[in-house]
Amino acid sequence: MAIKTNETTDKHGILKTCRRTTENVDTLENVVPYSILCPPPECRRIGTTIMICVTIACGTHSRMIAEHARLAEEGIKLVELRLDFLRREPDINRLIPPRPTATVITVRRQQDGGLWRDSEENRLTLLRTAILAEPEFVDLEVDIADQIPPFGKTRRIISYHNTETMPENLPGLHREMLKKKPHFIKIAATPKTVAEMYNFLKFIQQKNDESQKLLGEKAIRVVGICMGEMGKAARILSKRFSMPYTYATFSEDRIIAPGMLVYEDLLGLYRYDQINKETAVYGIIGNPVGHSLSPLVHNRFFLEHKINAVYVPFQIGDASVADLLRLAPELGIQGISVTIPHKVAVIEHLTKADPAVERIGACNTIVFRNGERIGYNTDYIAAMGGIEHALGGNPSDEESVLKNMKALVLGAGGAGKALAYGLVHREAMVTVTDVDSERALELSKHLGSEYVKWEIRESVKPDIVVNCTPLGMHPNVNETPYPKSSLRSKMLVFDAVYNPEHTLLIKSAQEKGCRVVTGVEMFVGQACYQFKLFTGQRASGSTMRMLVKEAIMRMYRE
Ligand code: NAP
């Protein structure tokens, strides 16, 4: 690869080619005062300034330049240019001298998760050349850092990447990185368990807290990145662990590392700039949790109620459930929502539980208080509230409007158990059915309700039809668990499915003149109850209902 050169190398072997004046360039000190990245003792306050480095990874120079300009217009102060993504030979002259923001230059090898296809020799030459143009930062992997001596004002991010596991000897690696004349250290690794993630974050926090006590050059702060979906929470919480900055991408189609967040979400949804060491942590555990609307709802509640808290997604497998619940207080977690597939598995780890959790056999909310792990089920209360209100009653009425009404519950899984329990509890006459007849039979025995085979469910003639199967859910929007021909105008139809809100069952019921309660009511209701359990404060469902409906429409273009 021929780097564009017109001079020779200096005594360090650095090419003196691309030196450009930076007269018209906003230096990092102007744009992002150095005190923020490496604060002097008198102004070491973490959490007062947004510090997100937005990564640009695209295949052509013109796209990279255009995106960089657009990000600058959006007010973004720090950008990482991933030169390994360029399909053609990188031309430093085009990318660095006219940079509109502070810039990190990175040329990542394939073994570290990058796309660099040319030789290692040419990669090192490119890095040396880039430094001559004096970008604010250059990213150098720990094993090659000695081959690229410090130059000019460019600050060195000494990095380590492990896309498979965690480093075997983290303290040893950190000591090694300190020898490479770093301004910052970046360690990106892949935890497989919550315990690994926790130990990693604690180590990084300890190093950053230690470095805060040091002065100037010695204050080397560490950015720790947990790669993978599970690590998303750690990226959001990085400021809580004293990290100086984090990385994000500008749009969803530009996510180049597993678990990387979109800038807008990091700032808008999770309010990264507001997170500090006092921020209370809440979240959702499940697998997957990527499309959960709970972060949207709870973070908005916190904003409206001016509570210093953040709600993050924890995508964890079965093996990590016990670890997460054990380490939750250490991670600053005060409460969690629980979704599929962990609603049953969490129960054995609770120290206390609402009686409904035992009766239903599912828990969707855990509060951590005074060393206790207290479980609740807000799914059933929310659904029952929606149904009773639609019938002109109230869940707090001593005698329920549901008393002696005939209810058919379709589906005997998690939601079915919660709804059937709620209906029996409020003295409705319940019949349970499921395509899995054994499951439905077991549930009906457990609750002392009726059972009907799935194939003859229309024979029941209920007052209330409750769908707790995924039938009608995106993308199978043309399916329904109960035919329109069997619906009667006096019926109430409840559908737990909320994506889309207007399922075929709900649309058919509306056309037949039935009263309907949608899954959005249940979803918003259970979140309001959770918020009350988490914070002791009452949340209003009305704005949230709109927010959730809009989000669902955006996601599924209903
Ligand atoms: P789940 O535990 O998997 O239970 C669903 C039940 O329906 C299972 O017994 C399942 O049987 C059965 N089923 C699946 N496909 C079927 C079909 N084609 N015909 C008949 N029965 C079928 O799921 P869940 O947690 O109860 O959730 C059910 C629905 O409620 C989902 O759409 C979920 O999104 C929704 N939900 C909404 C809220 C809310 O806040 N609105 C809360 C919880 C759940 P198999 O296991 O044999 O497939």
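Read the numbers this way: they start at 1 and go in the same order the structure lists the ligands and their atoms.
- To the nearest 0.5 Å, atoms OH (Tyr451) and OG1 (Thr431) are separated by 11.5 Å.
- Distances from atom 48 (O) of ligand 1 to the protein include no heavy-atom value under 4.0 Å.
- For atom 28 (C) of ligand 1, the closest non-hydrogen atom of the protein is Cys468 O, 3.3 Å.
- Where the criterion is an N or O separation shorter than 3.5 Å, residue side chain and backbone included, Arg439 meets it with respect to ligand 1.
- Scanning all protein heavy atoms for the shortest distance to atom 27 (O) of ligand 1 gives Ala415 CB, 4.2 Å.
- Both the sub-6.0 Å distance and the 45° axial angle are satisfied by Lys239 relative to the ring of Tyr272.
- Looking at Phe523 against ligand 1, both its backbone and its side chain come within 4.0 Å, counting heavy atoms.
- Between Leu471 and ligand 1, no N or O atom pair is found at a separation short of 3.5 Å.
- Every atom of ligand 1 is numbered from 1 in the order shown, and the set under 4.0 Å from a heavy atom of Asp434 is 6 (C), 7 (O), 8 (C), 9 (O), 11 (O), 12 (C).
- For atom 18 (N) of ligand 1, the protein comes within 4.0 Å by at least one heavy atom.
- In summary, the atoms of ligand 1 found under 4.0 Å from a heavy atom of Trp454, numbered by their order in the structure, are 19 (N), 20 (C).
- For atom 37 (C) of ligand 1, the closest non-hydrogen atom on the protein side is Ala496 O, 3.0 Å.
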Exercise for the section: Determine, stepwise, if the pair Glu196 / Lys192 fulfils salt bridge (Lys or Arg N to Asp or Glu O under 4.0 Å). Expected result: CA-CA 7 Å; Glu196 279 185 350; Lys192 289 282 188 300; over 6 Å; no
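- Nearest protein neighbour of atom 4 (O) of ligand 1, counting heavy atoms only, is Gly413 CA, 3.3 Å.
- Taken to the nearest 0.5 Å, the OG1 atom of Thr55 stands 7.0 Å off from the CZ atom of Arg82.
- Lys186 forms a cation-pi arrangement with Tyr247, by the criterion of a distance under 6.0 Å to the ring centre and an angle within 45° of the ring axis.
- Between Met473 and ligand 1, not a single N/O pair is under 3.5 Å apart.
- Side chains of Ser242 and Lys277: a donor on one and an acceptor on the other come within 3.5 Å.
- Ring centroid separation for the pair Tyr421 and His446 does not come in under the 6.0 Å cut-off.
- Taken from CD1 in Ile187 to CD1 in Ile225, the straight-line distance is 10.5 Å, to the nearest 0.5 Å.
- Within the 4.0 Å heavy-atom criterion, neither part of Ala382 lies near ligand 1.
- Gln205 and Lys202 form a side-chain donor-acceptor contact under 3.5 Å, judged by distance and modelled atom types alone.
- Taken to the nearest 0.5 Å, the CD atom of Glu388 stands 12.0 Å off from the CD1 atom of Ile381.
- The nearest protein atom to atom 2 (O) of ligand 1, hydrogens excluded, is given as Gly414 N, 3.0 Å; this is a heavy-atom distance.
- Between Lys232 and Glu229, at least one side-chain nitrogen of the basic residue sits less than 4.0 Å from a carboxylate oxygen of the acidic one, meeting the salt-bridge criterion.
- Closest non-hydrogen pair, Arg439 versus Asp434, comes out as CD-OD2, 4.4 Å.
- Residue, atom and distance of the protein heavy atom nearest to atom 22 (C) of ligand 1 are Val435 CG1, 3.6 Å.
- Annotation: atom 14 (C) of ligand 1 to nearest protein heavy atom, Pro470 CD, 3.4 Å.
- When Lys343, Gln526, Arg457, Glu438 are checked for heavy-atom proximity to atom 43 (C) of ligand 1, Lys343 turns out nearest.
- Among the atoms of Ile340, none of the N or O lies under 3.5 angstrom from an N or O of ligand 1.
- For atom 29 (C) of ligand 1, the closest non-hydrogen atom of the protein is Thr469 O, 3.7 Å.
- Listed by atom number, the atoms of ligand 1 under 4.0 Å from Val497 heavy atoms are 32 (O).
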